[in-house]
There are 2 protein chains.
Amino acid sequence: MAEIMPDSAIRPRKEFGKTIAADITHRLREEIIACGLTPGEPLRFDVLRERFGVSFTTLREALTALAAEGLVDAQEQRGFRVAPVSRQDLVEVTDARVLIEVELIRRAIERGDDDWEIAVISTLHRLKRIEQRDPQHPLRDPEWKIAHRQFHQALVSACGSATLLAIRAELFDRAERYRHLSANFRPRPRDKAGEHQAIMQAAISRNPDLAVQLIETHIRSTADNVATYAGHLLDAE
Amino acid sequence: MAEIMPDSAIRPRKEFGKTIAADITHRLREEIIACGLTPGEPLRFDVLRERFGVSFTTLREALTALAAEGLVDAQEQRGFRVAPVSRQDLVEVTDARVLIEVELIRRAIERGDDDWEIAVISTLHRLKRIEQRDPQHPLRDPEWKIAHRQFHQALVSACGSATLLAIRAELFDRAERYRHLSANFRPRPRDKAGEHQAIMQAAISRNPDLAVQLIETHIRSTADNVATYAGHLLDAE
DNA sequence: CAAGTCCATATTTTCGAAAATCATATCGTT
DNA sequence: AACGATATGATTTTCGAAAATATGGACTTG
């Protein structure tokens, strides 16, 4: 009973954005990234309308925006569906991330000022504190996810290019969905805390070559993990 | 009289996409790229509605999609406007294009097969034929624009990453808008035909280092040209 | 039995009215 | 006159009904 009750009854209309459409976009994005909606699953208006308590039009706007981000697949005249996953797509996202993130970390190390250093250090600090709380399943902890995202965001924030940062953010979201996909099957997270610490130190000590190498390894090994433990989900489509 | 008449009276409803929204998105995109709409100009629903003969909702969907592409600026609760231009943005777009296009041309040269070679050669051939027709103002010729776009697209098409190709396409559009911006003030186009020919030959003869160098020069010199001849428009904002 | 056609239903897409929000002008107060 | 509050008009945003399109099943035909 309570599950079927529309959100509008228990939730304020606008949480994240100033418009309902922006709000729904945000909530749908989070849900797709967290694999609360299965990759490839059709996104029917009736269902979503009931769920979020908004109109056709507003939903359409949100879905259109997410389609542009690559999290939703728009099939003209045949509706929308959650973007499918595949080995090929995982490889593409991983390669694109490495290409861009490597460049951005170089620029950030070159240009970063005191504020940047402080942001990197403090976001890592918060991430570590949250990790102590529940070292088992970090991806299930919304706060860990936010802190993790903010640490990686802080690392490259001083790169000087809003354009590349926006592209990076989209790719990060798409990669995070794959991490969630494999989270249930992964035996135990590897030593991420140590990796983050090493990346932070390479960045703060202005060692671009080391930072780049650590970041690339970080991204690729995460993707390898996904391919290993969620392989059956990637081939099924 | 005839100018004020809505498009719906003289134009089929759907030209490019299967849905009206996709169609409007396409037409608005072309118009923004061609600077038929001034950078920074507010995009009022009443005006666009009259012009394109569609409803609020459909327009909103198109504008949302273009906002995700970076051609439109969405100001929540205060409508949309054509994305502003600036020196900073031009530099960012140029740098991002170089970063990505250089990588893609390398991959394409490595992986391209016979079909790729044929596509590169034939798109260049068509571009040259069109250039002979009207060597004065290529950017004003819609066919030249399409051929030019298709040649550059063909060059990287064999890179193997749909993800990076999509990002590249967005950046290409944003850069093309800057070319249009300066087109009216540029005294005379430099030897683009020769540059394209050289790039084609470097690609077909599988010389990645040369191709990369030529592409980077091609992109940067075009951007420099824009900065020179449209400088007054970039500072004004 | 395969393949095509037509119809009924499910679903998406589009529309214009209505609600919400913002921008501007007006007025009153200090 | 300067400032803040408030009302008014302009504009965006949201909604649910209506139109358009796709889907699946029953029926015919070769």
Side-chain angles (χ1 to χ4, degrees), chain A residues 5-9 11-29 32 37-38 40-68 71-84, chain B residues 5-9 11-29 32 37-38 40-68 71-84:
Chain A
M5 190 162 59
D7 275 9
S8 55
R11 198 192 264 268
R13 298 278 295 175
K14 300 172 191 178
E15 229 170 337
F16 302 107
K18 278 196 200 164
T19 65
I20 295 179
D23 197 48
I24 299 294
T25 305
H26 186 272
R27 286 168 57 192
L28 261 173
R29 183 191 295 119
I32 291 173
L37 295 163
T38 309
E41 175 184 359
L43 293 164
R44 294 245 167 67
F45 283 93
D46 288 345
V47 180
L48 297 177
R49 207 153 148 281
E50 170 109 4
R51 175 107 86 85
F52 293 109
V54 298
S55 73
F56 294 109
T57 309
T58 307
L59 270 175
R60 238 186 123 66
E61 191 181 328
L63 291 170
T64 302
L66 292 171
L71 289 173
V72 157
D73 187 18
Q75 310 165 283
E76 295 198 336
Q77 303 285 24
R78 305 199 302 144
F80 298 82
R81 59 175 180 164
V82 181
Chain B
M5 190 161 60
D7 275 10
S8 54
R11 198 192 264 268
R13 297 279 295 177
K14 301 172 190 177
E15 232 172 335
F16 302 107
K18 279 195 199 165
T19 65
I20 295 179
D23 198 48
I24 299 295
T25 304
H26 185 271
R27 286 167 58 193
L28 261 174
R29 183 190 295 118
I32 292 172
L37 295 164
T38 310
E41 174 184 359
L43 293 163
R44 294 248 165 67
F45 282 94
D46 289 344
V47 180
L48 297 177
R49 207 153 150 283
E50 170 107 4
R51 174 107 85 88
F52 292 110
V54 298
S55 73
F56 295 109
T57 310
T58 307
L59 270 175
R60 237 186 122 66
E61 190 181 328
L63 291 170
T64 302
L66 292 171
L71 289 173
V72 157
D73 188 18
Q75 309 166 281
E76 293 197 339
Q77 302 285 27
R78 304 198 304 143
F80 298 82
R81 58 175 181 165
V82 181

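The distance from atom CZ of B:Phe45 to atom P of D:dT11 is 12 Å, rounded to the nearest whole Å. Going from atom CD1 of B:Ile24 over to atom C1' of C:dC15 covers 13 Å, rounded to whole Å. Atom CD in A:Glu61 sits about 7 Å away from atom P in D:dT14, given to the nearest Å. For B:Phe80 and D:dT12, the CZ to C1' distance is 9 Å, given to the nearest whole Å. Between the C1' atom of C:dA19 and the NZ atom of A:Lys18 lies a distance of 18 Å, rounded to the nearest Å. One can place CD1 of A:Ile20 at 14 Å from P of C:dA19, the figure rounded to the nearest angstrom. Atom CD in B:Glu76 sits roughly 13 Å away from atom P in C:dA23 (whole-Å rounding). The distance between atom CG of B:Leu59 and atom P of C:dG16, rounded to the nearest whole Å, is 11 Å.
Side chains of B:Leu71 and B:Leu28 form no contact here, defined as non-hydrogen atoms less than 4.5 Å apart.
Of the listed nucleotides (D:dG16, C:dT14, D:dT13), C:dT14 has the atom at the smallest distance from the side chain of B:Ser55. Checking C:dG16, C:dT11, D:dC15 against every side-chain atom of B:Arg49, the shortest atom distance belongs to C:dG16. The A:Asp46 side chain lies nearest to C:dT11 when the options are C:dC15, C:dT11, C:dT13. Between C:dT14, D:dT21, C:dT21, one nucleotide has an atom nearer to the side chain of A:Gln77 than all others, and that is D:dT21.
Note that CG of B:Leu59 and CG of B:Leu43 are 9.5 Å apart. Values are rounded to the nearest 0.5 Å.
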Write out a two-atom table: protein N or O, nucleotide N or O from nucleotides 6-9 of chain C, distance below 3.5 Å.
none

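Taking side-chain N and O atoms only, A:Arg60 has a distance below 4.0 Å to OP1 or OP2 of C:dT13. Remark: A:Arg78 is not in phosphate contact with C:dT11, judged by side-chain N or O atoms under 4.0 Å from OP1 or OP2.
Figure legend: B:Arg49 and B:Phe56 shown as a cation-pi pair, the cationic atom lying under 6.0 angstrom from the six-membered ring centre and within 45 degrees of its axis.
With sequence neighbours excluded, the residues forming a side-chain contact (heavy atoms from CB on, under 4.5 Å) with B:Arg44 are B:Pro42, B:Val47, listed by chain and number. With sequence neighbours excluded, the residues that form a side-chain contact (heavy atoms from CB on, under 4.5 Å) with B:Thr25 are B:Arg29, B:Ala62, B:Ala65, B:Leu66. Scanning for side-chain contact (heavy atoms from CB on, under 4.5 Å) contacts around B:Ala67 gives B:Val72, B:Ala74, with sequence neighbours left out.
Across all strands shown, B:Leu43 has heavy atoms under 4.0 Å from sugar-phosphate atoms exclusively, and none from any base.
A donor and an acceptor atom sit less than 3.5 Å apart, one in the side chain of A:Thr57 and one in the base of C:dC15.
A side-chain contact (heavy atoms from CB on, under 4.5 Å) with A:Ile24 is found for one member of A:Leu48, A:Leu63, A:Thr19, A:Val54 and no other, namely A:Val54.
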